[in-house]
Structures are given as structure tokens and as C-alpha cells.
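Residue numbers start at 1 and run along the sequence shown. Hydrogens, waters and symmetry mates play no part in the numbers below; they use all other heavy atoms, side chains included.
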Amino acid sequence: MNRKFFTCEKAQYRWYNPNEIIMGKEMKDHLKFAVSYWHTLCSEGADMFGRGVLDKSFGGKDPIDIYKCKVDALMELMNILSIDYFCFHDADIAPEGKTLKETNYNLDVISDYMQEQMSKNGKKLLWGTANCFNHPRYMHGAGTSPYVDVYAYAAAQIKKALEVTVKLGGNGYVFWGGREGYETLLNTDMALELDNMARLLHMAVDYGRKIGFKGDFYIEPKPKEPTKHQYDFDSSTVAGFLQKYDLTKDFKLNIEANHATLAGHTFEHELTVARINGLFGSIDANTGDSLLGWDTDQFPTNVYDTTMCMLEVLRAGGFTNGGLNFDAKARRGSCALDDIVDSYVAGIDAFALGLKNAVKIIEDGRIDEFKNNRYSSWNTSLGLSIRNDSETLESLAKYAEENADVMKSIGSGRQEYLENTINDILFK
């Protein structure tokens, strides 16, 4: 099909050059940008106070045709943006039928068409997932539902979404908590719900490996929305869950910037927690509004934020199966299709500049040097002995008694100097 949806032929970037070599890799491989199917091809700008303002049927005449048109629009947009990857929920790419069997048939029809268009355009799937939160059946959760029939339906939906992910060559599969949480403990058996969620994740791993999925499974932390308390509250909470239920071999984290701030953390904090626990996987690239207390999913344009993000990505060794998925949407008032192109260009350039800045910080060396010097006492004979687990409370107490003037070893953290150093590196 030769339908055209956007007036722009090719995105004009200031900072993003896909083939530029940075630290031995092409920029596109450092960043691995991906289009979010749900916001980009499905969201029409509706909110809790108003209806949609943008038609996302893309000229389709019936349900199947509409979803084929979405695929065509996706391919056109990816070509305009020079982006290789996209991500989806099952409900994003095909219409739901009256029965599970009919829904799965629709998924087969659209994924067949999608596979053809991906091959034709040289595009790839970063990750897939199942929407187990939107339908009324999931009002009390999916993998944590009090009702076994709902749990079984969620399992069936995940099974099919995994099959489609493998079919389209995806190297990631995401579990977002959705409604996996609670509003009140008065009606909640938290222990059973968490145990059941872990059972479902183990079943997904077993089936995924059985059908040839070799990539990473991800959990995406979020503290609230739509439930008051999500079980995947933040990176630390999810790390503890994965460790308790023996899931760290197969699972990593998909970190979202806006979710980090909702949890009271910075984006780089959540990335650091994932990295130091060996769980860094993929990123939902967006930002929130500091004046609003909910998940606004805005395109990221704050270059300080993208710089600190990419600094953590580089410290983690870069992406393997993951990437930067723009889980973001143009504002409701940006009600033209071409606004989508502008939004992606803004986010892509912000991350490209963030990558360049992160490299400058590493190559400058002052930040790392200060940090290393601050912890230098841990490389003395006593520090190494503690790190080698060779000391006891008794031996340390004896050392402290013999070295009473502890204040002489304490230096300044020099936060303001370091913040100014960052500015000096970025803007000189």
C-alpha cells in the first residue's frame, strides 16, 4: 500500500547523526531509539476531561484495515525519523474480537502484514508486551487478580503476545504492572498476590524459552497509577522481588523517567540501582511535569536529564537487547500528525546531545577522579581488609580506640563545585 500520512519527507536533526562513531560505536547503536506504538499510532489525545482531538484511524475503512493503516503509518514515520525499532502492546496492533480465539486470529492477520512491512522497510521490534490492565476484566489486576479465571485469561494473553514477539524477532518482552497492586489492604492478600505474580512470570519464561525467545524479560517499575500502590514501586522494590523469587537470571528492568519521579527519585537514581544490581536492561524515554503529580508521558527535552541518563547507560556498558523507547506523546493541543514528527525530533536530538555530553564528562575525568579520591581510604590496608571481610566488630573497635581523631579524615563533598564542573564541561 502506498498511503502517505505525514507531510515531512525526512527529519532534520541538529545533533542526531545515526552513523557518527562515538566511543567505537555508531550513535544509533548507543541509543537504539524505538517508536511507542500505543502513544504514537493509537492515542488520540483524550484525557479524563475531554475526548480525542486527533483521528488515528489513518483512513482505514474497517477494523482490520484501520490496523493495517497503522502499520503503514508506523513504517512511514520510522523512515522519516531514521529509527530502526518499535515497541507494542498486543491491544495496540490488532482489534479485540468477541472471543479470545477471534482476538488471536486478528493478531495473526496484522502481525503477518507487519512482518511483511518490517522486511520491506528494514525495521525491527525492540520488545512486545500484553495489555493486561485496560479491559474491565482486569479491574482487580491480572497476575495478581483474586479471581483464577482472570489469571488464566491473562496467561493466555501473555502466551499469544510472546508468540507474536518471537514471530517479529523481538529481543525483549516487558511486564508493566498495570493494575498489579492494591487500593486498600482491607481486601488484599498481598502474599498470595505476589506469589501468584511470580508464578506467572516463571511460566512466561518457561514458555518463551520453549518457543525460541532468547532475549530479555523486563519489569517496568512504577509506584502508582492506576492503583494507589503498585507492587513494582521502584527499581529497589523490583530488584528485591526478582531476587526473592529467583527471577534475576531472565529478568532485567525497563526504567521510565516519569515513573522514577513519581516514586520520588531521579531518573539517574533508578538507572544506577538497576546497574549496580546487574539488572539494567532498557529505557522508556520520557519526562514528567514537575508541577503535576501524575504520569504525563511528555517527550524529553531537558538535556541535563538526558546527559545523566546516558552517563549511566555508558557506565552500564550500553544496551544489549534493550534500547530507548519513546513512551511519550505529543501534548493534546499538538493536534496535527506532523506534530508527532516534531516531538520525536525533539526527543531524539535531546538524547543525542545527552550522549555527546556524557562522553565529554567521561573523557574530562574530573567527576570520576573526585569520586575515586573521596573513597580512596577504602583502598588502604584497613579499607581493603574490610572489603575482603577480614575484620570484625572487635578489631574495628580496637582500631577506632587507637585512632581517636576521626574528624581529620573527613573531607568536603563539594557538591556545588561538582555541579559547576558539569556546567564547565558541557558549555565551555
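- Side-chain N or O atoms of E180 include none that pairs as donor or acceptor with a backbone N or O of Q230 at under 3.5 Å.
- With sequence neighbours left out, D368 forms a salt bridge (Lys or Arg N to Asp or Glu O under 4.0 Å) with R315.
- Between the Y67 side chain and the G60 main chain, no donor and acceptor come within less than 3.5 Å of each other.
- Scanning all heavy atoms of the two residues, the minimum distance from P300 to T287 falls at CA-CG2, 4.0 Å.
- Within the 4.5 Å cutoff, the side chain of D108 has heavy atoms near those of the K160 side chain.
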Pair N131-D92, side-chain hydrogen bond (donor to acceptor under 3.5 Å, both in side chains): steps then yes or no:
CA-CA 8 Å; N131 182 328; D92 304 331; 5.2 Å; no
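- A search for ring-ring contact (aromatic ring centres under 6.0 Å, His included) contacts involving H89 returns W38, F133, not counting sequence neighbours.
- The CG atom of N104 sits 10.5 Å away from the CD atom of E102 when rounded to the nearest 0.5 Å.
- Checked by atom type, the side-chain pair Y304/N423 shows a donor-acceptor distance below 3.5 Å.
- Atom NZ of K167 is surrounded by more than 12 heavy atoms from other residues, nucleotides or ligands within 6.0 Å.
- The shortest distance between side-chain heavy atoms of L253 and L242 falls below 4.5 Å.
- Residues passing the salt bridge (Lys or Arg N to Asp or Glu O under 4.0 Å) test with E268, sequence neighbours excluded: none.
- A 4.5 Å side-chain heavy-atom check between W294 and K224 finds every atom pair outside the cut-off.
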Would E163 and K159 count as a side-chain contact (heavy atoms from CB on, under 4.5 Å) if you check the C-alpha gap in whole Å, the side-chain angles of each, and the deciding distance to 0.1 Å? CA-CA 6 Å; E163 291 168 356; K159 174 180 177 290; 2.7 Å; yes
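- The ring-ring contact (aromatic ring centres under 6.0 Å, His included) check on F319 picks up F280, with sequence neighbours excluded.
- With sequence neighbours excluded, the residues satisfying ring-ring contact (aromatic ring centres under 6.0 Å, His included) with F58 are F5.
- Every residue meeting the ring-ring contact (aromatic ring centres under 6.0 Å, His included) condition with F213, not counting sequence neighbours, appears here in chain and number order: F217.
- No donor-acceptor distance shorter than 3.5 angstrom exists from the side chain of K329 to the backbone of G45, with no hydrogens or angles considered.
- In this structure, the side chain of K32 engages the main chain of T320 through a donor-acceptor pair within 3.5 Å.
- In this view, K123 satisfies the salt bridge (Lys or Arg N to Asp or Glu O under 4.0 Å) rule with no residue, not counting sequence neighbours.
- A donor-acceptor pair under 3.5 Å is formed between the side chain of K56 and the backbone N or O of S43.
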T144/Y182 under side-chain contact (heavy atoms from CB on, under 4.5 Å): CA gap, chis, key distance, verdict: CA-CA 9 Å; T144 59; Y182 66 85; over 6 Å; no
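- Pairs of residues two or more places apart, or lying in two chains, that qualify as salt bridge (charged side-chain N to carboxylate O under 4.0 Å, His left out) and include a residue from residues 414-428 are D364-K428, R366-D424.
- Residues in residues 192-215 take part in these salt bridge (charged side-chain N to carboxylate O under 4.0 Å, His left out) pairs, two or more places apart or across chains: R209-D250.
- Evaluation of the salt bridge (charged side-chain N to carboxylate O under 4.0 Å, His left out) test over residues 143-157, restricted to residues two or more places apart or in two chains, returns none.
- Around atom NZ of K228, no more than 12 heavy atoms belonging to other residues, nucleotides or ligands sit under 6.0 Å away.
- Using a 4.5 Å cut-off on side-chain heavy atoms (C-beta onward), K70 and I110 make no contact.
- The side-chain heavy atoms of F241 and L201, taken from C-beta on, include a pair separated by under 4.5 Å.
- Residues D327 and E220 meet the side-chain proximity criterion, which asks for heavy atoms closer than 4.5 Å.
- The backbone N or O of K61 lies less than 3.5 Å from a partner atom in the side chain of D65, making a donor-acceptor pair.
- Heavy atoms from other residues, nucleotides or ligands lying under 6.0 Å from NZ of K98 number 12 at most.
- For T306 (side chain) and V303 (main-chain N/O), a donor-acceptor pair under 3.5 Å exists by modelled atom type.
- Looking only at distances, no side-chain donor or acceptor of N171 sits under 3.5 Å from a matching main-chain atom of G215.
- Listed here is the closest heavy atom pair of D90 and L107: O-CD2, 3.6 Å.
- With hydrogens and angles disregarded, no donor-acceptor distance shorter than 3.5 Å links the side chain of T165 to the backbone of G170.
- Applying the salt bridge (Lys or Arg N to Asp or Glu O under 4.0 Å) rule to E183 yields no partners; only residues at least two apart in sequence or on another chain are considered.
- Between D297 and R331, the shortest heavy-atom contact is O-NH2, 3.1 Å.
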Worked verdict on Y173 versus N321 for side-chain hydrogen bond (donor to acceptor under 3.5 Å, both in side chains) = CA-CA 10 Å; Y173 186 87; N321 291 319; over 6 Å; no
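- Checked by atom type and distance alone, the side chain of Y218 pairs as donor or acceptor with a backbone atom of G322 at under 3.5 Å.
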Fill in: Residues S236, D234; criterion side-chain hydrogen bond (donor to acceptor under 3.5 Å, both in side chains); working and verdict
CA-CA 6 Å; S236 294; D234 61 6; 4.7 Å; no
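- Taking both residues in full, the closest heavy atoms of E225 and D295 are given as OE1-CB, 3.0 Å, listed atom of the first, atom of the second, then distance.
- Side-chain atoms of R275 and I255, non-hydrogen and from C-beta on, never get closer than 4.5 Å to each other.
- Evaluated for a side-chain contact (heavy atoms from CB on, under 4.5 Å) with F33, the options Y344, Y16, Y85 yield exactly one hit, Y16.
- More than 12 non-hydrogen atoms from other residues, nucleotides or ligands lie less than 6.0 angstrom from NZ of K25.
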Hey, mind stepping through K68 and D112 against salt bridge (charged side-chain N to carboxylate O under 4.0 Å, His left out) and telling me if it holds?
CA-CA 10 Å; K68 285 186 176 181; D112 284 347; over 6 Å; no
Can you check side-chain contact (heavy atoms from CB on, under 4.5 Å) on F267 and T261, steps first, answer last? CA-CA 7 Å; F267 190 16; T261 52; over 6 Å; no
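- Minimum interatomic distance between F326 and S36 (heavy atoms only, all atoms of both residues): O-OG, 2.8 Å.
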Apply the test side-chain hydrogen bond (donor to acceptor under 3.5 Å, both in side chains) to residues N286 and E256: give CA-CA distance (whole Å), side-chain angles for both, the deciding distance (0.1 Å), then the verdict. CA-CA 7 Å; N286 62 18; E256 177 177 317; 2.8 Å; yes
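- The two residues S334 and D339 make their nearest non-hydrogen contact at C-OD2, 3.1 Å.
- Pairs of residues two or more places apart, or lying in two chains, never qualify as ring pair (Phe, Tyr, Trp, His ring centres under 6.0 Å) while including a residue from residues 348-376.
- Relative orientation of the H135 and Y138 rings is perpendicular, given thresholds of 30° and 60° on the angle between their planes.
- Residues I283 and L271 have side chains in contact (heavy-atom distance under 4.5 Å, counting atoms from C-beta outward).
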